Novice: 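Take this structure, written in C-alpha cells, and hold onto it; I'll ask about it next.
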Amino acid sequence: MLSDDRARRALAALRRFPCRTLGRYPTPIDPLDRFGRRAGIPQRLFVKRDDAISFGFGGNKVRKLQYVLPSIVASGADTVITCGGVQSNHVRATAAAATAAGLDCHVVVNGTAPTPPTGNALLDRLYGATFEYVSAREERAPAMERAAARLRAEGRRPAIVPLGASTPHGALGYVAAIGEMLDQGLRPDLIVHACSSGGTSAGLLAGCAVHGLDAAVIGISADDPPAAVETAVRSILRGLGELLEIGPALESSIRVQVDDAFVGPGYGEPTPASREAAELMARAEAIVVDHSYTAKATAGLLDYCRSRRIGADATVLFWHTGGQVALFA
Ligand SMILES: Cc1ncc(COP(=O)(O)O)c(C=O)c1O
C-alpha cells in the first residue's frame with residue numbers, strides 16, 4: 001500500500017499532466033447480470049465499456065493517446081509515426097488521434113496489406129495515414145527511425161509513438177481511468193482485462209495504488225508469457241513513479257499479475273474458450289469481443305470466476321479494452 005502522503009502527491013501530479021480529451025467520458029459501467037447467470041457465475045459482474053469510447057472506434061489506445069499527444073503537439077511536431085500489425089487497433093487509434101490534432105500520420109506495419117482494405121486497415125486509410133510495410137515485428141522500430149530521418153531530411157518534424165503507446169505518459173490514461181470508475185461509484189475487488197504491451201496493466205495497477213483502491217488487477221495476455229509482460233509492466237511502473245513524483249515507492253507497492261493460460265495456439269487464433277466467451281457476451285449482453293484480445297480476456301474472466309479462484313461474493317469488473325473493429329478484418 002502507498003502511504004496517504006505519497007498517494008496525495010501522486011494524484012496532485014496526475015492532475016497537472018495535460019490531457020487532450022478524445023471522446024466523451026465517463027465510459028459506461030454496465031452490469032453483466034445475464035452473462036453471469038448464463039455462465040453460472042455467482043460473483044457480481046460489471047463491464048467498463050472502453051469499447052464504447054466515442055472517438056476513433058474507441059478502445060484502450062484512445063485513453064493512452066490523450067496523455068501522449070500533448071507533448072507531441074507542444075514539441076512542434078507535424079507528423080506522428082507509429083507501428084503495429086496490419087490490423088492494429090493502436091495504429092488505427094493513433095491515425096485518428098493525429099487527425100484530431102491536425103497532424104499527419106505515417107505508420108510502419110508488419111504483414112500484408114488486405115485487398116481491398118478491411119477493418120482497422122480500412123480506417124487507417126480513411127483517417128489519412130500513409131503506410132510502409134515490413135516483413136517482421138523486429139523490423140518495425142528501425143523502420144520507424146528510418147522514416148523519421150527521411151522526414152527530417154525533407155524538412156518535416158516527426159515524432160515517434162512507440163508500439164501500443166505503452167509509455168509511462170500513455171499509462172497515465174489508465175491511472176486517471178481508475179479515478180473515473182471510482183467517481184461512477186464502483187469499487188471492484190478484481191479487475192480483469194486484456195494485456196499485451198503492458199501500458200494498460202501498468203496504468204490500472206498504478207491507478208488503484210494512488211486512488212487507494214485495494215483491488216487485484218489480472219492481465220490476460222494476448223500473446224507473450226507472463227515474465228515478458230510483467231517486465232514491461234514493471235518498467236512502465238518505474239517511469240510512472242517518476243512522472244507521479246513518488247519514485248520507486250509506486251512500483252514496490254504493486255503486485256503485477258499476468259496470466260497467459262488463455263492464449264491458445266497463438267495471437268489472434270480463437271480457442272474453444274474464447275469462442276464460448278465471445279458467444280456468451282454477444283448473446284447475453286449484445287457486447288462484442290474480439291479473438292485477439294478481449295475474447296481471451298473474457299475467457300479468463302469466466303475461468304477465474306467459475307473455478308472460484310475469486311470469492312463468490314466478490315465484485316468483478318471486466319475492463320473492455322475494445323478491439324471490435326477486428327471482426328470486420
Ligand atoms: C483491444 C485491445 N485490448 C488490449 C490490448 C493490450 O493493451 P496493452 O498493449 O496496453 O497491454 C490491446 C493492444 O494491444 C488492444 O488492442
Side-chain angles (χ1 to χ4, degrees), residues 27 47-53 56-68 82-97 109-110 119-120 123-124 137 140 161-175 177 191-207 217-226 228-237 239-240 256-260 262-263 267-268 274 277-278 281 287-301 318-329:
T27 56
V47 57
K48 177 76 169 152
R49 300 289 309 271
D50 278 7
D51 59 319
I53 287 176
F57 286 81
N60 58 343
K61 308 304 177 190
V62 177
R63 279 197 197 269
K64 298 184 193 179
L65 288 162
Q66 296 185 126
Y67 283 87
V68 170
T82 199
C83 70
V86 167
Q87 289 294 344
S88 163
N89 298 308
H90 163 71
V91 166
R92 176 253 307 159
T94 305
V109 287
N110 61 296
N120 284 310
L123 292 172
D124 299 341
R137 281 168 148 213
R140 297 183 299 205
V161 175
L163 181 70
S166 279
T167 61
H169 275 93
L172 288 173
Y174 273 93
V175 182
I191 297 172
V192 177
H193 72 98
C195 72
S196 177
S197 60
T200 306
S201 304
L204 290 172
L205 287 160
V217 176
I218 297 179
I220 305 294
S221 176
D223 36 28
D224 290 332
V229 183
E230 283 172 24
T231 302
V233 173
R234 291 222 164 267
S235 154
I236 300 166
L237 284 172
L240 272 176
V256 182
Q257 292 186 73
V258 176
D259 191 334
D260 69 345
F262 306 92
V263 176
Y267 172 81
S274 75
M281 268 296 188
I287 292 175
V288 171
V289 287
D290 75 293
H291 281 291
S292 297
Y293 298 99
T294 47
K296 286 178 180 171
T298 307
L301 171 80
F318 174 62
W319 205 302
H320 194 324
T321 48
Q324 64 275 25
V325 173
L327 269 73
F328 308 100

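Bear in mind the structure is a predicted one, so any value in this text is a computation, not a measurement. Every number for a ligand or one of its atoms is a count from 1 in the order of the listing.
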Novice: May I ask you to check whether Thr82 and His90 show a side-chain donor-acceptor distance below 3.5 Å?
Specialist: yes

Novice: Is any N or O atom of Thr294, backbone or side chain, closer than 3.5 Å to an N or O atom of ligand 1?
Specialist: no

Novice: So which atom in Lys296 and which in Tyr267 form the shortest heavy-atom distance, rounded to 0.1 Å?
Specialist: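 Closest heavy-atom pair between Lys296 and Tyr267: NZ-C, 4.5 Å.
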
Novice: Do Lys48 and Thr27 get their side chains close enough for a donor-acceptor pair, meaning under 3.5 Å?
Specialist: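 Thr27 and Lys48 do have a side-chain donor-acceptor pair below 3.5 Å.
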
Novice: Ser201: heavy atom below 4.0 Å from ligand 1, yes or no?
Specialist: no

Novice: Taking distance alone, with no angle check, do Gly323 and ligand 1 share an N/O pair under 3.5 Å?
Specialist: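 N/O-N/O distance below 3.5 Å does not exist for this pair.
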
Novice: Just distances here: any N/O of Asp290 and N/O of ligand 1 closer than 3.5 Å?
Specialist: no

Novice: For Asn89 and Arg92, which I'm curious about, is there any donor-acceptor pair between the side chains at under 3.5 Å?
Specialist: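 Checked: Asn89/Arg92 side chains pair up, N/O donor to acceptor below 3.5 Å.
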
Novice: Considering Tyr267, Tyr174, Tyr293 one by one, which has a heavy atom nearer to atom 12 (C) of ligand 1 than any of the others?
Specialist: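 Minimum heavy-atom distance to atom 12 (C) of ligand 1 goes to Tyr293.
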
Novice: Using heavy-atom distances, let me know which of Asp51, Leu163, Asn60, Thr321 sits nearest atom 5 (C) of ligand 1.
Specialist: Asn60

Novice: How far is atom 13 (C) of ligand 1 from its nearest protein heavy atom, and which residue and atom is that?
Specialist: Lys61 NZ, 2.8 Å

Novice: Whether the His193 and Thr321 side chains hold a donor-acceptor pair (N or O, under 3.5 Å, no angle test) is what I'd like checked.
Specialist: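 Note: His193 and Thr321 side chains miss the donor-acceptor criterion.
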
